[in-house]
Amino acid sequence: MQLIDGKGIAEQIRVEITNATEQTVRAGDKPPHLAAVLVGHDGGSQVYVSNKIKMCQSIGFRSSLIRYDNDVAEQELLRRVHELNNDSDVDGFIVQLPLPKHINEQKIIEAIDYRKDVDGFHPINLGRLFAGLPCFVPATPAGIVELLKYYSIDICGKNCVILGRSNIVGKPLAVLLMQKGADATVTVCHSRTPNIAEVCRRADIIIAAIGQPEFLKAEMVREGAIVIDVGTTPLPDSTKKSGFRLCGDVDFQNVAPKCAYITPVPGGVGPMTIISLMKNTLAAAKKEIYRS
Ligand code: GUN
């Protein structure tokens with residue numbers, strides 16, 4: 001069993017991005033600027049956004065954190081999104097999800113200028129991904145593909161089973177893995193899929209992204225499978241400074257001994273997600289995907 005070192009790979013890419021940023025600045029351009037909108041005080045979201053901001057600082061990007069209370073009006077959020085769309089000083093921005101129930105998340109996502117949508121959640125970016133056109137690719141699926149590449153894991157013709165059909169992970173990942181050049185055979189399982197255990201047992205690669213702590217058990221995994229764990233459910237843990245620990249979707253202790261490769265939580269997919277967002281922000285600043 002080989003542990004996939006997302007943290008280590010993300011660190012290598014972090015150094016590369018830092019150098020690329022330095023070059024940009026030396027050439028006379030402003031450093032990339034990422035803005036993040038955070039609504040409310042959800043523990044997980046606060047930590048994720050704070051990690052994104054810290055990463056910006058560590059690689060020489062500019063960053064802005066825009067915070068709102070949980071009761072912010074949808075109109076105010078829309079106004080702010082339009083302001084960020086029109087702020088030529090901001091290269092890209094994200095609105096951290098989930099949003100409170102009284103806010104129409106899809107409406108907010110669609111209000112974001114797709115050319116600044118470094119999360120890749122706007123229907124134009126998702127549609128272009130679907131069509132195999134240049135676009136901002138959502139950070140978690142992009143990070144997973146990068147991890148597989150780093151370990152030279154060939155997915156051509158492989159049976160890939162994705163657990164979860166979210167717009168953020170499951171659906172875009174399915175598209176990436178089945179694209180020409182990647183060439184995997186993809187199965188997407190969700191809450192209404194019968195016999196998930198049986199489907200998983202036939203998989204060469206399992207990507208668990210359902211947000212249910214330790215959902216994937218040893219008996220659902222064949223010997224020699226590759227397991228990628230996207231889960232990050234915060235569970236109370238008084239021994240941690242933050243008051244919680246992140247729990248993956250995989251029963252790691254029992255699944256790991258059967259695997260050829262497996263990602264840990266934390267230190268697997270998570271760091272790759274943040275670094276992929278930074279890559280998208282650099283691409284936005286350099287106008288690599290959309291010229292104007
Ligand atoms: N919530 C969970 N993952 C993400 C992400 O990648 N981006 C945003 N904006 N919200 C999230």
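Counting convention: from 1, in listed order, for ligands and their atoms alike. Because the structure is predicted, anything quoted here is derived from the model rather than measured.
- Test H33, M278, R62 against C56 for side chain to side chain contact (heavy atoms under 4.5 Å, CB included) and you get one pass: M278.
- In summary, K7 and E11 do not engage in a salt bridge, as defined by a charged side-chain N under 4.0 Å from a carboxylate O.
- Using cut-offs of 30° and 60° for the angle between ring planes, the H122 and Y114 rings count as tilted.
- Look at K30 and D91 and you find no salt bridge, because none of the NZ, NE, NH1 or NH2 atoms lies under 4.0 Å from a carboxylate O.
- Taking a heavy-atom cut-off of under 4.0 Å, ligand 1 is surrounded by K52, V95, Q96, L97, D119, F121.
- Residue V265 shares its hydrophobic cluster (ILVMFWY side chains chained together at separations under 4.5 Å) with V47, Y48, F244, L246.
- Checking each of L163, L148, I228 against I207 for a side chain to side chain contact (heavy atoms under 4.5 Å, CB included) leaves exactly one that passes, namely I228.
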